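Note on naming: letters A, B, ... go to the chains in the order of the sequence lines (proteins, then strands), and numbering restarts at 1 for each one. What you are looking at is a predicted structure, and each value in this text was computed from that prediction instead of being measured.
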There are 2 protein chains.
Amino acid sequence: MQDVAKAAGVSLGTVSNVLNHPAKVSPVTAQRVREAIARLGFVRNDAARSLASGSNDSVGMVLADIENSLFIDMAHGAQEAARAAGLNLLLANTTCDMGLQDDYLDVFDQARVTGMLLAPMEDSSAGIARMRSHGRQIVLLNFSPKPGTCCSVLVNNEHVGYLAARHLIDTGRTRLAYVVAHDDYQPVRERRRGVRAAVEEAGARVTLEEIDSVGLTTAHGHLVGRDLAGRKPGDLPDGLVVVADELANGIIHELHTVAGIGVPDQVAVVGCENNRTAGSAAVPLTAVDLPGRAMGREAMRLLMDEVASGERHRHATVVLEPELIIRSSAPR
Amino acid sequence: MQDVAKAAGVSLGTVSNVLNHPAKVSPVTAQRVREAIARLGFVRNDAARSLASGSNDSVGMVLADIENSLFIDMAHGAQEAARAAGLNLLLANTTCDMGLQDDYLDVFDQARVTGMLLAPMEDSSAGIARMRSHGRQIVLLNFSPKPGTCCSVLVNNEHVGYLAARHLIDTGRTRLAYVVAHDDYQPVRERRRGVRAAVEEAGARVTLEEIDSVGLTTAHGHLVGRDLAGRKPGDLPDGLVVVADELANGIIHELHTVAGIGVPDQVAVVGCENNRTAGSAAVPLTAVDLPGRAMGREAMRLLMDEVASGERHRHATVVLEPELIIRSSAPR
DNA sequence: CTGTTAGCGCCTTCAC
DNA sequence: GTGAAGGCGCTAACAG
């Protein structure tokens, strides 16, 4: 920076000013400085900058599974909001590894980022507490925090289950099943409540069973589908609420394509995520859409609010509503 | 850090040593210091650290399209390799926006990262030159650099086209079409060469036409499919090499599901990416797989090699081979 | 509006 | 092993 100052024939402070407070510098001087910067290929050292200023214009986002389009949508939304606020969004992917997640939280903590966004798969109270004890702001996405520990943005997962089941009931299905696994995963339990609520609301004419799919992948879906296909016709559910889209696609494949059990004719299927793949499956999947993008935006907004209000900030939880997307696997 | 030193009853330098050169400190002292760190919740300021030491243990990866599973795979591969080397991989997504891409290059440049990985969609020579002129190491992924400007990891895209066309020819197809758009996109042109090579190799019995799909989305595929479905039977190609998987899925949907033109019976279709969605489509897509993970790993290796060898480094290009994955849309 | 100066928090010689 | 001192590159007062 000294070199730039010399080259432009000004003092070091002036160079700093054209970089950080352009209004304080006369246009011609500023221009001269900018030219010198360009000519010398000067790049301001951000480490020194944030050390001296104590501020930092990036926010870190830690994502449990970049493979999942919900998380990608959240990243998009957060990025939009960050850019609008003049901040850079840095991403880190943990592939559902809590050790890696902790490492990345620490990386961003050490980097003294302006704030952090965390979209985990499991309970991350420990990491959140650690960040907060260091005074670092963090907002949680898609996971309920311990009450009062941080801001969060959630989707109304109970309503996800409700919408899915309700759609099946409204279209005449009476023998429902909730296909599910990973009860340790928060949304899974919440969606169950919604499914049950819809079934109870419908009265005795509608029954509900629960099918354990063990896992959430397409392969697990194949297993469930095969199992279902082996049942006596009378024992077959006529409507499936499937907790994850991939799982649903697997089931449909086995049922419809392999075993010839018509979807949606004999069995209607509703997914609970509306992943990117939902629409292009063998039988396009009716699914409840999770508003990832809006979640990312809201999280960023909450974070900036927290950063701005300092001491007198109160944690908030924003709950966004899901929306049913009707496709062929469970038509209108 | 001063506080930690006081709490542990040692000097500041000792604390620094337990953090950076544990071997230089007696085990008991080190332990005492570590306890103090934990007790006080001390977090080392990375800005100060990299300012003082001049080093930095993160590498930045700039991705053009996090939506595309190839890029996600590259990120995975790079992350594995980075972790193995004790480095943190920071991700940035540009959504194919060159302005954003330049911004992120600058962000990482200013952060003085150890190195950068760039997977762009368009020619990025300017940005690369800028980074290199600042002495920052950068390796390019999935895009040929101007010769001698940086290291790069590519896939043999000509062979991608060749494998696709060759598979169709080997399974008896004789009227091929290459469905394509975005000729400005490097891989698109290279794949064409491979397709042509395979067709020429087969002699006069195999013909090739080219179909312009205008864009690469599912919607564009629908248009192409409709067009094709409207042709007289004799004019219909019996084998399609489609430059992008989404596009292929769109075509198949329109052909097979809507117009009742059997895939693969009447028309076989091969995709050129093997995206995450390829296997779960209406008709599971035969596609040429791009080895994203290995590309990410290789890129990281190249980067570290460059960082290690300093002055006497020579740029290298690693070309990875694609592999045909056979599914129903063009069976064996 | 410009130039000067005192740190930001840590790392790294260097004597002890 | 340990502790004291100088400096990394920049920002934010402050005095001209």
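Under 4.0 Å is where a charged nitrogen must lie from a carboxylate oxygen, and between Glu35(B) and Arg32(B) no such pair does. Using a 4.0 Å cut-off between a side-chain N of Lys or Arg and a carboxylate O of Asp or Glu, Asp109(B) and Arg130(B) do not qualify as a salt bridge. A salt bridge is defined here as a Lys NZ or Arg NE, NH1 or NH2 lying under 4.0 Å from an Asp or Glu carboxylate O, and Arg49(B) with Asp46(B) meets this definition. Taking 4.0 Å as the cut-off between side-chain N and carboxylate O, Asp73(A) and Arg276(A) count as a salt-bridged pair.
Between Gly127(B) and Leu105(B), the shortest heavy-atom contact is CA-CD1, 3.9 Å. Between Ala92(B) and Phe108(B), the shortest heavy-atom distance links the atoms CB-CE1, 4.0 Å.
Contacts of Val10(B) with the nucleic acid, taken as non-hydrogen atoms under 4.0 Å apart, involve only primed sugar atoms and P, OP1 or OP2. The residue Leu12(A) sits close to a base: some heavy atom pair falls under 4.0 Å. Using a 4.0 Å heavy-atom cutoff across all strands shown, Gly54(A) reaches no nucleic acid atom at all. Within the 4.0 angstrom heavy-atom criterion, base atoms lie near Ser16(B).
Bracketed by its first and final contacts, the part of DNA chain C lying under 4.0 Å from non-hydrogen atoms of chain B reaches from dG9(C) to dT12(C) in 5' to 3' order.
As rounded to whole Å, 12 Å separates atom C1' of dC10(D) from atom NE2 of His21(A). If you measure from atom CZ of Phe42(A) to atom P of dG9(D), you get 10 Å, rounded to the nearest angstrom. In this entry the distance linking CD of Gln31(B) with C1' of dG1(D) reads 17 Å, nearest Å. Atom CG in Leu51(A) sits about 12 Å away from atom C1' in dG7(D), given to the nearest Å. Put simply, NZ on Lys6(B) is 13 Å from P on dG3(D), counting in whole angstrom units. The separation between Gln2(A) atom CD and dC10(D) atom P is 10 Å, rounded to whole Å. In this structure, Asp46(A) places its CG atom 19 Å from P of dC8(D), rounding to the nearest Å. Whole-Å rounding puts the Asn17(A) CG to dA12(D) C1' distance at 9 Å.
Checking side-chain atoms of Tyr104(A) against main-chain N and O of Leu89(B) turns up a donor-acceptor pair under 3.5 Å. Checked by atom type and distance alone, the side chain of Asn45(B) never pairs as donor or acceptor with a backbone atom of Leu51(A) at under 3.5 Å.
Nearest nucleotide to the side chain of Met1(A), out of dT2(D), dC10(D), dA12(D): dC10(D).
Distances shorter than 4.0 Å separate some side-chain N or O of Arg44(A) from OP1 or OP2 on dT11(D). Phosphate proximity of dT2(D) to Thr29(B): present, with a side-chain N or O under 4.0 Å from OP1 or OP2. Between Asn45(A) and dC10(D) there is no side-chain polar atom (N or O) within less than 4.0 angstrom of OP1 or OP2. Checking the phosphate oxygens (OP1, OP2) of dG3(D), a side-chain nitrogen or oxygen of Thr14(B) falls inside 4.0 Å.
Closest-nucleotide positions on DNA chain D for Lys24(B) and Arg112(B) were compared, and the one nearer the 5' end corresponds to Lys24(B).
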